Participant: 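After the structure tokens below, expect a handful of questions from me.
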Amino acid sequence: MARYNFKDIEPKWQAAWDQRGAFRVTEDVGRPKYYVLEMFPYPSGRLHVGHMRNYTIGDVLARFKRAQGFNVLHPMGWDAFGLPAENAARDNRVHPAKWTFENIATMRSQLKLMGLAYDWDREIATCAPEYYRHEQKFFLDFLNAGLAYRRESWVNWDPVENTVLANEQVIDGRGWRSGAPVERRLLNQWFLRITAFADELLEAIGRLDRWPDKVRLMQENWIGRSTGLRFRFTVEQSDGTPHSDVEVFSTRPDTLFGASFLALSPYHPLTARLAAESPSLQTFVEMCGRIGTSEEAIETAEKHGFDTGLVARHPLDSNRTVPVFVANFVLMEYGTGAIFGCPGHDQRDLDFARKYGLSVVPVVLPPDADAIGFTIGTEAYTGPGRMINSEFLNGLDVEAAKAAVCTRLEATGHGERIVQYRLRDWGVSRQRYWGCPVPVMYRADGTMVPVPEDQLPVLLPEDVDWDQPGNPLDTHPTWKFTTCPETGQPAVRETDTFDTFFESSWYFARFTSPHASARGFDRAAADYWLPVDQYIGGVEHAVLHLLYSRFFMRALKQCGYTDVEEPFAGLMTQGMVTHETFRDANGTWLYPEEVEERDGRLVKRRDERPVIVGRLEKMSKSKKNVVGLEQTVDTYGADTTRFMLLSDSPPDRDVEWSNAGIDGAWRFLNRVFRMVTESPIALPAVGTPCPEYLSEPAKTVRRQVHKTIVAITDDFQRFHLNKAVARVRELANALADLDGHADGAGWVLREGLETLVCLMAPMTPHVCEELWQALGHTDLLVDTPWPKPDVTLTAEERVTVAVQVNGKLRTTVSLPVDCDEANARTAAMNDPIVARTLQDRPIRKVIVVPNRIVNIVA
RNA sequence: GCGGGCGUGGCGGAAUGGCAGACGCACCGGACUUAAAAUCCGGUUCCCUUUUGGGAGUGCGGGUUCGACCCCCGCCGCCCGCACCA
């Protein structure tokens, strides 16, 4: 049986598209635009089949929209700054640039193998000075606009990677890449003021209606808006001498009469002052620093407190005081770094109070509880209710009590209502070489001076000594020494580089005009193309990259670069490609090709020892469950690989890569190939008009052809790509079953095959192009418009209607479409099976849903 | 702990108030072949029945409805995100 020769076909059509410039685009106001973007890859080495799902999904959409007449921008580039290049430099003495560009060359050729419809003229690499120089200008603009600032702050220090991590890069107290326990260090850091947009970023989430709910929710939680009262306690020494004021923040000011302690963060300024005179407090603070980063402590969340001996006077009752503690669970980074504890109505405060023997006074009575016997046991009550034990608040509900306390304390000048966010400003400083230099310098007296715009870009030095530990920019013999443009005196450059999320926060804008040299992007081009209509990538970027990009566009807007605020109108988060994992008896991971089946059991090819099959996991180099791209394309071709990645699972769920699956895809493409090239039914010439008479079987198939156009168009629009695959197969089955003797069969088969090829083209473009030619066409399929369904054909004349008796299916009847209820009812009642089932029971009711169902209730 | 998602044949999944299991994988049987591969045809949720047919069935328990995989209430299980955020 002949097999189609993808090895000739695929390069041939790739060259034809290339020569045609099929995917090169420019702005064209005469056509609707559509911007499809897949999250660009970090050039880490080689791609495997698991990486290709993302690009295949995007390619289907790009080709589909293009066929529909949209002016489609579909670019590709490289997120090229990052730590692995620097690690490679240290390990292998290869310059990060060389390593990166070699990887890019490899991965570009891999992508080209797949026939992806990219406009390669727009390719960018973020490590190129033509790219990162614009970030330095953005940064200076941000600085002017007050959106960038420098401050000394506690940072998460990764001791293995010798760098600072963003809060987002710390997972369970460990570095997201190294897995090493994170330490606290105080450093001067650059920040971008993302919190200035907190409310706007939060509010606009509601309008991102083509984003998954899950991602929107994650961003909402990340921003974490809460409203409450910030107010002041006066702290005194135990003898009543005033000591200082402490501000706290609370979302539950209604529970203020239930307060039984004040707690300060170990990093609160007052704690520092007290610790200076108290070695035991000093020891306590140091202990908090240690357990704060250990995984165990975070999981068990044991609460520790240190009684300072000070007391705080109650702001609503000057006769009352509560003790002041330093407690490990109070975060300096949120609110004011100090809280009042109300154990009755906050679980964490309750745990603390029980441990240190503090009073627990309930102040909110649950609606169904009895005021006399109500006490708090081991669980705090956080629900609604009426106030008790709270003087002037007694009897109010929780919301009214909140308002009353806020009003009272605002009136006395003790506090104010504020909005508080969980979101922190974005720390962008990294003590790394392979990133964009921060374009500022410092004079001898420490004054910061921005690098003048006419001195941009600040380029990375190329000669770097990788034998020295720490930041190569800092240890470079000459690079950082310069002169102040204002005074002419010696100055030193900032040796930090930007977090690499900086690059990915605007690359989608750069793609709209990648050769713009004056500014990062051409405003007219960006205004034409943005926002990205459909963005596709992994859910792991749900918060970081996507939130930073949303912020970045707003910051650029504020600096006059664009009017676009939301970079991504539509977002699809695709699932992973998984594969079985294999290990030998020692627990060492094995590659799939190291495993073979012997007598129904899996054994290691080399020594025939048994193999342990693990669970399905995301394809990754570390677990060795990867399938190479080249070997798959070499065996099956790009189209089969693409078809496999689209089959079976919906794009937002995981898909399992299996040999059986790819064989199935391969068989199907061969079958379609033979249906065209070895058709047993003679096909009329291209363009032959439809014969006047079509037999019923031919009409039926033709109807399915047009219905399939409607269905697949809808499937593509809604990302139901697995369903589109199923429908393509159904159509192929129907065409294969067409009776060649039926009148009009040849004509209908031609129409059906042409339609099938057009509908499959976004998924398997090379073989479809070949078949389009085999069908007698001389133009390129890639230039052929999306098929138009003839809706007069899709209407059925008769329809099969289900007949239920008491809601249970008994039979079906064939009825004319839209037949009236009385006739439907009669037809159903006259059916012998219905009559037998009913016997002589009286009929109580008949429900008729036209063209669907008749339900007889007896 | 909080938030979200998911649960359907041996497997991936389809059907989102109206014929459960489309389409595929796997498996079984048949044709072709010296044989195998490939290909083509047929079968395949479970139980009862020779058949016609009948019964059960979408994690479990209730409810709404003429009718529920689908909506509501309560459980169970798995997965993901956040996690001392006052």
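Below, chains carry the letters A, B, ... as their sequence lines are ordered, and counting in each starts from 1. Note that the structure is a prediction, hence the values are computed from the model and not measured. Atoms considered below: every heavy atom in the structure, side chains included; atoms not considered: hydrogens, waters and symmetry mates.
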Participant: If you assign A:Tyr421 and A:Met218 each to the RNA chain B nucleotide with the nearest heavy atom, which residue ends up on the more 5' nucleotide?
Facilitator: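 Looking at the nearest nucleotide for each, A:Met218 comes out on the 5' side.
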Participant: With rounding to the closest Å, how many angstrom separate the P atoms on B:G9 and B:C70?
Facilitator: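 B:G9 and B:C70 have their P atoms separated by 15 Å.
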Participant: Strictly by salt bridge (charged side-chain N to carboxylate O under 4.0 Å, His left out), give each pair with a member in residues 642-653 of chain A just once, sequence neighbours left out.
Facilitator: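 Of all non-adjacent pairs touching residues 642-653 of chain A, those that pass salt bridge (charged side-chain N to carboxylate O under 4.0 Å, His left out) are A:Asp59-A:Arg642.
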Participant: Ring centres under 6.0 Å, that's the criterion: do A:Phe325 and A:Tyr356 meet it?
Facilitator: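 Yes, ring centres under 6.0 Å apart.
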Participant: When rounded to the nearest Å, what value does the distance between P atoms of B:G55 and B:C2 take?
Facilitator: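 Those two atoms are separated by 46 Å.
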Participant: For the rings on A:Trp222 and A:Tyr421, is their centre-to-centre separation under 6.0 Å?
Facilitator: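 No.
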Participant: With sequence neighbours excluded, give me every salt bridge (charged side-chain N to carboxylate O under 4.0 Å, His left out) pair touching residues 799-814 of chain A.
Facilitator: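 Passing the test, one end in residues 799-814 of chain A: no pairs.
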Participant: Can you list everything that forms a salt bridge (charged side-chain N to carboxylate O under 4.0 Å, His left out) with A:Glu540? Sequence neighbours excluded, please.
Facilitator: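 Partners of A:Glu540 by the salt bridge (charged side-chain N to carboxylate O under 4.0 Å, His left out) criterion come out as none, since no residue qualifies.
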Participant: Syn if the chi torsion is within 90° of 0, anti otherwise; quick check, which is B:G9?
Facilitator: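 Syn, angle within 90° of zero.
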Participant: Looking only at atom P, what distance separates B:C6 and B:G59, rounded to whole Å?
Facilitator: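 Taking atom P in both B:C6 and B:G59, they lie 13 Å apart.
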Participant: Starting at atom NZ of A:Lys214, determine the distance to atom C1' of B:C6, rounded to an integer number of angstrom.
Facilitator: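 Rounded to the whole Å, the gap is 11 Å.
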Participant: For B:C19, give its Watson-Crick or G-U wobble partner with both distances under 3.5 Å, or none.
Facilitator: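 The base-pairing partner of B:C19, which may sit in any strand shown, does not exist here.
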Participant: Who pairs with A:Lys355 by salt bridge (charged side-chain N to carboxylate O under 4.0 Å, His left out), at least two apart in sequence or on another chain?
Facilitator: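 A:Lys355 satisfies salt bridge (charged side-chain N to carboxylate O under 4.0 Å, His left out) with A:Glu302 only.
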Participant: Using a 4.0 Å cut-off on protein heavy atoms (strictly under), produce a 5'-to-3' string for nucleotides 49-58 of chain B with B for base contact, S for backbone-only sugar-phosphate contact, and - for none.
Facilitator: ----SSSS--
Participant: Over how many whole Å does the gap from A:Arg844 atom CZ to B:U65 atom C1' extend?
Facilitator: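 Distance, rounded to whole Å: 13 Å.
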Participant: When rounded to the nearest Å, what value does the distance between P atoms of B:G81 and B:G21 take?
Facilitator: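 Here B:G81 and B:G21 have their P atoms 36 Å from each other.
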Participant: Go nucleotide by nucleotide along RNA chain B from the 5' end; which of A:Ile339 and A:Asp737 gets its closest nucleotide reached first?
Facilitator: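 Its nearest nucleotide being more 5', the pick is A:Asp737.
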Participant: Between B:G43 and B:U50, how far apart are the P atoms? Round to whole Å, please.
Facilitator: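 It works out to 22 Å between them.
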Participant: With respect to the phosphate group of B:A83, does any side-chain polar atom (N or O) of A:Arg422 fall under 4.0 Å of OP1 or OP2?
Facilitator: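 True: A:Arg422 side-chain N/O within range (under 4.0 Å) of B:A83 OP1/OP2.
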Participant: Could you tell me how far apart A:Asp652 (CG) and B:C80 (P) are, to the nearest whole angstrom?
Facilitator: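 After rounding, the gap between these two atoms is 16 Å.
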Participant: Among all residues two or more places apart in sequence or in another chain, which pass the salt bridge (charged side-chain N to carboxylate O under 4.0 Å, His left out) test with A:Asp349?
Facilitator: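 So A:Asp349 forms no salt bridge (charged side-chain N to carboxylate O under 4.0 Å, His left out) with any residue.
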Participant: Please report the distance, rounded to the nearest Å, between CD in A:Glu220 and P in B:G81.
Facilitator: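 Nearest whole value for this atom pair: 19 Å.
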Participant: Under 6.0 Å from the six-membered ring centre of A:Phe352 and within 45° of its axis: does the NZ or CZ of A:Lys303 meet both?
Facilitator: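 Cation-pi check for A:Lys303 and A:Phe352: fails.
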Participant: Applying the Watson-Crick and G-U wobble criteria at under 3.5 Å, what pairs with B:A14? Answer none if nothing qualifies.
Facilitator: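 Looking at the geometry, B:A14 pairs with no nucleotide.
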Participant: Can you measure A:Leu217 atom CG to B:G4 atom C1' for me and round it to whole angstrom units?
Facilitator: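 Taking CG of A:Leu217 and C1' of B:G4, I get 6 Å after rounding.
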Participant: Which atom pairs, donor and acceptor, lie under 3.5 Å between side-chain atoms of residues 851-858 of chain A and protein residues at least two apart or in another chain?
Facilitator:
unit_1   : atom_1 : unit_2   : atom_2 : d
A:Asn851 : OD1    : A:Asp818 : N      : 2.8
A:Asn851 : ND2    : A:Asp818 : OD1    : 2.7
A:Asn855 : OD1    : A:Gly807 : N      : 3.0

Participant: Is the distance from OP1 or OP2 of B:C85 to the nearest side-chain N or O of A:Arg348 less than 4.0 Å?
Facilitator: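 True: A:Arg348 side-chain N/O within range (under 4.0 Å) of B:C85 OP1/OP2.
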Participant: Considering every strand shown, what is the Watson-Crick or G-U wobble mate of B:U45 when both distances are under 3.5 Å?
Facilitator: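 When the pairing criteria are applied, B:A56 turns out to be the nucleotide that pairs with B:U45.
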Participant: Using Watson-Crick or G-U wobble geometry with both distances under 3.5 Å, which nucleotide pairs with B:C2?
Facilitator: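 Because both required distances fall under 3.5 Å, B:C2 counts as paired with B:G81.
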Participant: Starting at CH2 of A:Trp657 and ending at C1' of B:C11, how long is that distance when rounded to a whole Å?
Facilitator: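 Checked: the CH2 to C1' distance equals 18 Å.
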Participant: Between B:U65 atom C1' and A:Asn806 atom CG, what is the distance in whole Å?
Facilitator: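 Going from CG in A:Asn806 over to C1' in B:U65 covers 14 Å.
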Participant: If I pick the P atom on B:C76 and the same atom on B:C28, what distance separates them, to the nearest angstrom?
Facilitator: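 Straight-line distance between the two P atoms is 42 Å.
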Participant: What residue pairs, at least two apart or across chains, pass salt bridge (charged side-chain N to carboxylate O under 4.0 Å, His left out) with a residue in residues 719-740 of chain A?
Facilitator: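 As it turns out, the salt bridge (charged side-chain N to carboxylate O under 4.0 Å, His left out) pairs with a partner in residues 719-740 of chain A, which skip direct neighbours, are A:Asp715-A:Arg727.
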Participant: Would you call A:Asp346 and A:Arg252 a salt bridge, taking side-chain N to carboxylate O under 4.0 Å as the test?
Facilitator: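 The answer is no: the pair does not qualify as a salt bridge.
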Participant: Going by the salt bridge (charged side-chain N to carboxylate O under 4.0 Å, His left out) test, which pairs reach into residues 213-222 of chain A, not counting sequence neighbours?
Facilitator: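 Qualifying pairs, neighbours excluded: A:Asp213-A:Arg216.
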Participant: Across nucleotides 12-25 of chain B, 5' to 3', mark each nucleotide with B, S or - according to how protein heavy atoms within less than 4.0 Å reach it.
Facilitator: BSSS--BBS-BSSS
Participant: Sequence neighbours left out, what passes salt bridge (charged side-chain N to carboxylate O under 4.0 Å, His left out) with A:Arg798? Give chain and number order.
Facilitator: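 Salt bridge (charged side-chain N to carboxylate O under 4.0 Å, His left out) check on A:Arg798 returns nothing, list empty.
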Participant: For B:C75 versus B:A68, give the span between their P atoms, rounded off to a whole number of Å.
Facilitator: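 One P to the other, the span is 24 Å.
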Participant: Any strand is fair game: report the nucleotide pairing with B:U34 by Watson-Crick or G-U wobble, both distances under 3.5 Å, or none.
Facilitator: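 With both distances under 3.5 Å required, B:U34 matches none.
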Participant: Looking at B:C85, does its base get a donor-acceptor pair with the side chain of A:Arg424 below 3.5 Å?
Facilitator: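 Yes, a donor-acceptor pair under 3.5 Å.
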Participant: Could you tell me whether A:Val803 contacts a base, only the sugar-phosphate backbone, or nothing, with contacts defined as non-hydrogen atoms closer than 4.0 Å?
Facilitator: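 The residue A:Val803 makes no contact with any strand.
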Participant: Please report, rounded to the nearest Å, how far the P atom of B:A83 is from the CG atom of A:Leu331.
Facilitator: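 Answer to the nearest Å: 11 Å.
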Participant: Determine the interplanar angle of the A:Phe284 and A:Phe306 rings, folded into 0 to 90°, and report it as parallel if under 30°, tilted if 30 to 60°, perpendicular if over 60°.
Facilitator: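 Tilted, since the angle between the ring planes falls between 30° and 60°.
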Participant: Please tabulate the protein-to-nucleotide N/O contacts below 3.5 Å involving nucleotides 28-31 of chain B, giving atom names and distances.
Facilitator:
none

Participant: Could you work out the separation of B:C46 and B:A36 based on their P atoms and round it to a whole Å?
Facilitator: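 Approximately 29 Å lies between the P atom of B:C46 and that of B:A36.
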